[in-house]
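All residue numbers refer to positions in the sequence shown, counting from 1. We use all heavy atoms of the structure for the numbers below, so side chains are in, but hydrogens, waters and symmetry mates are not. For ligands, and for the atoms within them, numbers begin at 1 and follow the listed sequence.
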Amino acid sequence: MIYTITVNPSIDYVLQLKNLNTGQVNRTSNDVKLPGGKGINVSRILKELQIDSTALGFVGGATGSMFESLLSKHDLKTSFTQVKEDTRINVKINATDQNEETEINGAGPAISSDEKQSFLDNLKDIGKGDVVIMSGSLCKNLDSKFYLDIAEMIQKQGADFVIDTTGQALLDTLPLHPLVVKPNHHELAELFNVTFKNNQEIITYARKLLEKGAKHVLISMAGDGALLVTKDKAYKANAPKGTVINSVGAGDSMIAGFAGTFMETNDPIESFHIGAACGSATAFSQDIAIKSKIDEVYKNISITEV
Ligand SMILES: Nc1ncnc2c1ncn2[C@@H]1O[C@H](COP(=O)(O)OP(=O)(O)OP(=O)(O)O)[C@@H](O)[C@H]1O
Ligand SMILES: O=P(O)(O)OC[C@@]1(O)O[C@H](CO)[C@@H](O)[C@@H]1O
């Protein structure tokens with residue numbers, strides 16, 4: 001079974017605007033509320049790929065009830081830990097006069113020690129053959145080593161894990177051999193405090209993550225596609241042509257496509273192909289991609305050795 005952990009899920013309030021004028025009243029041309037959070041997006045893509053998963057995380061308050069109601073439409077298996085404080089709302093602003101989306105992410109609830117323990121107790125049945133995909137920011141007052149603690153715990157129980165985080169939190173988990181890590185190229189550059197001139201330099205630094213223990217390394221590069229880097233080879237997935245509607249969740253979709261497919265096929269290159277298709281399909285969708293979009297985009301992606 002695949003478990004996704006979204007410590008700090010969200011209601012994503014996605015606003016379409018003609019233009020964004022700060023300091024003024026702006027009125028949306030369209031707005032939608034979506035069940036969000038990196039692990040939630042992973043579970044949603046896995047569902048599209050007909051791969052079972054169970055979504056875990058902290059959910060609370062009136063916004064938490066709304067989040068669960070929004071999520072129930074997607075018919076996912078969930079086992080959330082209820083908390084006292086409110087699940088956060090994250091605002092995503094897509095203004096046609098801006099090139100990039102603007103995101104304003106809430107901090108999320110403070111988690112009590114009892115609530116934290118209840119969450120950890122919920123992981124006790126995870127074991128051999130299971131994969132835990134952990135992604136996204138931590139709630140207030142959760143130690144920065146929370147992901148590391150979970151990784152150590154589930155690895156002792158015989159399960160594999162995937163971690164989608166950045167900086168020291170990512171580096172700390174590498175000695176535990178995550179199945180796959182996926183920093184984007186900016187996050188990789190920040191990790192090693194370098195700037196990249198070309199893909200070969202990106203590959204060189206991606207290999208350092210393998211040397212530190214990661215089993216597979218994906219480097220996502222938004223509209224420039226992605227790289228799969230193994231110990232002795234590297235592969236590029238092109239970014240197919242398409243109209244970008246909302247790239248929020250593209251990285252989560254890529255991780256879901258890779259990890260879900262790898263669990264079933266043990267084939268890193270096919271998993272990479274499907275992961276790239278999931279990422280681009282989400283970028284070309286208002287919400288997280290559906291299967292028909294993933295299949296359509298898959299045909300326009302080629303994987304080449306670099
Ligand atoms: N504009 C785009 N055109 C085509 N494909 C895209 C585009 N943006 C993203 N993708 C696909 O999705 C993958 C992941 O996107 P991206 O690099 O933005 O990940 P990310 O930075 O982790 O995103 P996020 O954290 O917002 O989910 C890319 O490697 C690419 O394959
Ligand atoms: O604040 P975090 O946890 O880093 O990111 C949260 C988030 O931006 O990530 C997803 C897109 O990847 C959205 O659904 C969600 O709002």
Residue [X] vicinity, atoms of ligand 2 by number, heavy atom under 4.0 Å:
{"X": "G249", "answer": "11 (C), 12 (O)"}
{"X": "G37", "answer": "13 (C), 14 (O), 15 (C)"}
{"X": "G36", "answer": "14 (O)"}
{"X": "N90", "answer": "6 (C), 15 (C), 16 (O)"}
{"X": "D252", "answer": "10 (C), 11 (C), 12 (O)"}
{"X": "S137", "answer": "1 (O), 2 (P), 3 (O), 4 (O)"}
{"X": "S10", "answer": "15 (C), 16 (O)"}
{"X": "E103", "answer": "8 (O)"}

[Y] backbone acceptor or donor facing [X] side chain under 3.5 Å:
{"X": "T63", "Y": "T87", "result": "yes"}
{"X": "S69", "Y": "S65", "result": "no"}
{"X": "Y147", "Y": "S135", "result": "yes"}
{"X": "T261", "Y": "S271", "result": "no"}

Distance under 4.0 Å to a non-hydrogen atom of [X]: what atoms of ligand 1 satisfy this?
{"X": "M254", "answer": "29 (O), 31 (O)"}
{"X": "F284", "answer": "3 (N), 4 (C)"}
{"X": "D252", "answer": "27 (O)"}
{"X": "G279", "answer": "11 (C), 12 (O)"}
{"X": "A226", "answer": "29 (O)"}
{"X": "A283", "answer": "7 (C), 8 (N)"}

What residue and atom, counting heavy atoms only, is the protein's closest point to [atom], and at what distance?
{"atom": "atom 21 (O) of ligand 1", "value": "N184 ND2, 3.0 Å"}
{"atom": "atom 5 (N) of ligand 1", "value": "S280 OG, 2.8 Å"}
{"atom": "atom 2 (C) of ligand 1", "value": "G223 CA, 3.7 Å"}
{"atom": "atom 17 (O) of ligand 1", "value": "A222 N, 2.8 Å"}
{"atom": "atom 1 (N) of ligand 1", "value": "V244 CG2, 3.1 Å"}
{"atom": "atom 19 (O) of ligand 1", "value": "S220 OG, 3.3 Å"}
{"atom": "atom 7 (C) of ligand 2", "value": "K92 NZ, 3.8 Å"}
{"atom": "atom 15 (O) of ligand 1", "value": "A250 CB, 3.5 Å"}
{"atom": "atom 13 (C) of ligand 2", "value": "D12 OD2, 3.2 Å"}

Electrostatic pair [X]:[Y] at N-O distance under 4.0 angstrom:
{"X": "K92", "Y": "E103", "result": "yes"}
{"X": "E211", "Y": "K208", "result": "no"}
{"X": "K77", "Y": "D52", "result": "no"}

Query raised in the report: What do you reckon, does N105 have a nitrogen or oxygen under 3.5 Å from a nitrogen or oxygen of ligand 2?
Result: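 So ligand 2 has an N or O lying under 3.5 Å from an N or O of N105.
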Query raised in the report: Is E187 in contact with ligand 1, taking contact as a heavy-atom separation below 4.0 Å?
Result: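 Contact absent.
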**Report entry** K38 to ligand 1, any heavy atom closer than 4.0 Å
**Finding:**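 Under 4.0 Å: yes for K38.
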Could you tell me whether some N/O pair between [X] and ligand 1 is separated by less than 3.5 angstrom?
{"X": "K182", "answer": "yes"}
{"X": "G251", "answer": "yes"}
{"X": "G225", "answer": "yes"}

Query raised in the report: If you round to the nearest 0.5 Å, how far is CG of N8 from NZ of K38?
Result: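 With rounding to 0.5 Å, NZ (K38) is 11.5 Å from CG (N8).
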Taking atom types as modelled, find out whether [X] and [Y] have a side-chain donor-acceptor pair closer than 3.5 angstrom.
{"X": "S53", "Y": "S43", "value": "yes"}
{"X": "N122", "Y": "S79", "value": "yes"}
{"X": "E264", "Y": "Q50", "value": "no"}
{"X": "S247", "Y": "E101", "value": "yes"}
{"X": "S10", "Y": "D12", "value": "yes"}

Query raised in the report: So if you build clusters from Ile, Leu, Val, Met, Phe, Trp, Tyr with side-chain heavy-atom gaps below 4.5 Å, do I45 and M1 land together?
Result: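 No, it is not one cluster - the side chains of I45 and M1 are not joined through contacts under 4.5 Å.
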Report task. Would you kindly specify which portion of R88 sits under 4.0 Å from ligand 2, judged on non-hydrogen atoms: side chain, backbone, both or neither? Result ->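 It is the side chain that touches ligand 2; the backbone stays farther off.
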Query raised in the report: Side chain or backbone of N41 under 4.0 Å from ligand 2, or both, or neither, by non-hydrogen atoms?
Result: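 Side chain only.
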Query raised in the report: So does K116 have more than 12 non-hydrogen atoms from other groups sitting under 6.0 Å from NZ?
Result: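 No, because the 6.0 Å sphere around NZ of K116 holds 12 heavy atoms or fewer from other groups.
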Query raised in the report: Would you say V83 and C139 make side-chain contact, with heavy atoms under 4.5 Å?
Result: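 Answer no - side chains too far apart.
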Query raised in the report: Which atom names give the shortest non-hydrogen contact between F196 and H185, and what distance separates them?
Result: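 Where F196 meets H185 most closely, the heavy atoms are CE1-O, 3.5 Å.
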Requested in this report: Return the minimal non-hydrogen interatomic distance between R207 and D232, and the atom names on each side.
Outcome: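 Smallest interatomic distance, heavy atoms only, reads NH2-C, 3.5 Å.
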